[in-house]
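In what follows, a structure is listed as structure tokens, so that the remarks can point back to it.
Heads up: numbering here begins at 1 and tracks the sequence.
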Amino acid sequence: MDFFVDFMNINLISYVRLASLALPLLKEGGGHIVVMSSYAGKIPTLSFSFYNAVQFAQDGFFSCLRAELKKADRNVSVTVAVLGMIGTEATKNVLKKVPGGEDMLAYAAPVDQTAQAVIRGGATRAREIYYPFYSWILSNIRRLPAFLEDYLIQDALAM
Ligand SMILES: *[C@@H]1O[C@H](CO)[C@@H](O)[C@H](O)[C@H]1NC(C)=O
């Protein structure tokens with residue numbers, strides 16, 4: 001539980017705090033909020049429930065904020081970057097430790113291209129961006145019939 005609370009503090013509460021603190025300035029300048037999220041905020045990914053909980057919560061909080069800002073006619077955009085596997089050092093370190101992890105690195109998107117996609121999304125005031133493309137496909141698995149969703153989440157995509 002201590003780990004879970006720490007993880008929530010770093011990956012959810014700090015996002016909310018930063019956005020709240022920056023909001024007055026953002027309202028003055030027609031600013032952008034860009035949330036670094038994951039397809040794990042759209043579908044369950046086994047063995048990472050702590051991570052999913054944070055990502056779903058980010059999506060919930062910032063989607064509400066976007067709607068509220070729009071309704072209040074405030075010129076602040078909220079972009080949620082729904083990312084797949086990115087070839088960061090952290091990802092590489094994790095994948096080195098799991099069986100077959102080295103092979104999975106082939107699906108990791110380059111860090112610089114991901115950053116470009118995220119910045120482009122923020123600058124064009126997109127509601128969401130999906131990067132790399134399979135992040136969009138994964139994010140829509142829950143729209144499938146239940147048996148297919150179960151198979152994909154419990155077997156095909158499980159680590
Ligand atoms: C909103 O802010 C952007 C700057 O990010 C500006 O270019 C745009 O003109 C603003 N729109 C309105 C309606 O004020």
Side-chain angles (χ1 to χ4, degrees), residues 1-26 31-69 76-111 114-115 117-118 121-122 126-132 134-159:
M1 282 315 299
D2 289 343
F3 168 80
F4 186 74
V5 171
D6 284 348
F7 196 81
M8 278 275 178
N9 270 322
I10 294 166
N11 294 288
L12 176 65
I13 308 296
S14 71
Y15 276 53
V16 173
R17 258 192 229 285
L18 281 171
S20 302
L21 288 171
L23 207 49
L25 269 176
L26 293 171
H32 315 261
I33 295 174
V34 179
V35 184
M36 301 299 283
S37 190
S38 158
Y39 67 82
K42 303 285 189 183
I43 60 165
T45 54
L46 297 196
S47 311
F48 289 96
S49 54
F50 59 96
Y51 188 68
N52 281 256
V54 158
Q55 302 298 333
F56 272 77
Q58 277 182 4
D59 193 28
F61 179 83
F62 284 100
S63 297
C64 279
L65 181 61
R66 182 196 297 118
E68 288 166 4
L69 287 165
V76 179
S77 64
V78 178
T79 302
V80 177
V82 185
L83 303 179
M85 204 194 315
I86 313 301
T88 58
E89 289 307 312
T91 304
K92 287 176 189 165
N93 287 335
V94 170
L95 287 183
K96 269 182 211 150
K97 290 176 202 153
V98 300
E102 301 271 346
D103 298 336
M104 287 177 67
L105 262 184
Y107 296 98
V111 174
T114 306
V118 170
R127 293 163 73 97
E128 294 183 325
I129 67 128
Y130 291 86
Y131 199 85
Y134 66 74
S135 167
W136 183 85
I137 297 171
L138 293 178
S139 294
N140 284 287
I141 281 176
R142 289 181 118 185
R143 294 172 199 263
L144 297 171
F147 78 94
L148 216 50
E149 178 190 332
D150 288 350
Y151 166 71
L152 289 169
I153 284 170
Q154 293 170 27
D155 299 300
L157 297 171
M159 274 201 203

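In this model, no donor atom of one side chain and acceptor atom of the other lie less than 3.5 Å apart for Asp59 and Ser37.
What you find for Gly41 and Gln55 is that their closest heavy atoms are CA-CB, 3.3 Å. When every heavy atom of Ala57 is checked against every heavy atom of Leu12, the shortest pair comes out as CB-CD2, 3.7 Å. For the pair Val82 and Ser139, the tightest heavy-atom approach, listed with the atom from each and the gap, is CG1-OG, 3.6 Å. Looking at every heavy atom in both residues, Leu83 comes nearest to Met36 through CD1-CE, 3.7 Å. Closest approach of Gly84 to Ser135, counting heavy atoms only: N-CB, 3.9 Å.
Between atom CG of residue Leu157 and atom CG of residue Leu152 there is a gap of 5.5 Å, rounded to the nearest 0.5 Å. Note that CZ of Arg17 and CG of Leu21 are 8.0 Å apart. Values are rounded to the nearest 0.5 Å. To the nearest 0.5 Å, atoms CG (Asp6) and CD1 (Ile13) are separated by 11.5 Å. In this structure, OH on Tyr39 lies 12.0 Å from CD1 on Ile137, to the nearest 0.5 angstrom. Taken to the nearest 0.5 Å, the OG atom of Ser20 stands 8.0 Å off from the CG atom of Leu65. From Leu18, atom CG reaches atom CG of Leu23 across 12.0 Å, with rounding to the nearest 0.5 Å.
Using a 4.5 Å heavy-atom threshold, the side chains of Pro132 and Tyr107 count as separate. When side chains are defined from C-beta on, Tyr51 counts as touching Phe7, because their heavy atoms get closer than 4.5 Å. Proximity of Ser77 to Arg66: side-chain heavy atoms (C-beta onward) are nowhere separated by under 4.5 Å. Under the 4.5 Å side-chain criterion, counting only non-hydrogen atoms from C-beta, Asn140 is not in contact with Ile43.
No option in Val16, Val78, Val35 other than Val16 meets the side-chain contact (heavy atoms from CB on, under 4.5 Å) test with Phe61.
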Quiz item: Going through the distances and angles, do Phe4 and Phe50 end up as a ring-ring contact (aromatic ring centres under 6.0 Å, His included)?
Solution: CA-CA 6 Å; Phe4 186 74; Phe50 59 96; 7.6 Å; no
Practice problem: Kindly determine whether Val54 and Met8 satisfy side-chain contact (heavy atoms from CB on, under 4.5 Å), including the steps that lead there. | Solution: CA-CA 6 Å; Val54 158; Met8 278 275 178; 3.9 Å; yes
Quiz item: For Leu95 and Met85, what are the C-alpha separation, side-chain angles and deciding distance, and is it a side-chain contact (heavy atoms from CB on, under 4.5 Å)?
Solution: CA-CA 11 Å; Leu95 287 183; Met85 204 194 315; 3.5 Å; yes
Exercise. Start with the C-alpha gap between Tyr15 and Phe62, add the side-chain angles, then the distance that decides, and say whether side-chain contact (heavy atoms from CB on, under 4.5 Å) holds.
Key: CA-CA 10 Å; Tyr15 276 53; Phe62 284 100; 4.0 Å; yes
Exercise. Report the C-alpha separation of Thr79 and Ile33 in whole Å, then their side-chain angles, then the decisive distance to 0.1 Å, and conclude whether the side-chain contact (heavy atoms from CB on, under 4.5 Å) test is met.
Key: CA-CA 6 Å; Thr79 302; Ile33 295 174; over 6 Å; no
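Checked for salt-bridge contact, Lys42 and Glu128 meet the test: a charged N lies under 4.0 Å from a carboxylate O.
Side chain of Thr88 to backbone of Thr91: a donor-acceptor contact under 3.5 angstrom is found. Between the side chain of Asn52 and the backbone N or O of Thr45, at least one donor-acceptor pair lies under 3.5 Å. When atom types are taken as modelled, the side chain of Gln58 and the backbone of Asn11 share a donor-acceptor pair closer than 3.5 angstrom.
Dense packing is recorded around OH of Tyr134, with more than 12 heavy atoms of other residues, nucleotides or ligands lying under 6.0 Å away. Applying the 6.0 Å contact sphere to OH of Tyr151 captures no more than 12 heavy atoms from other residues, nucleotides or ligands.
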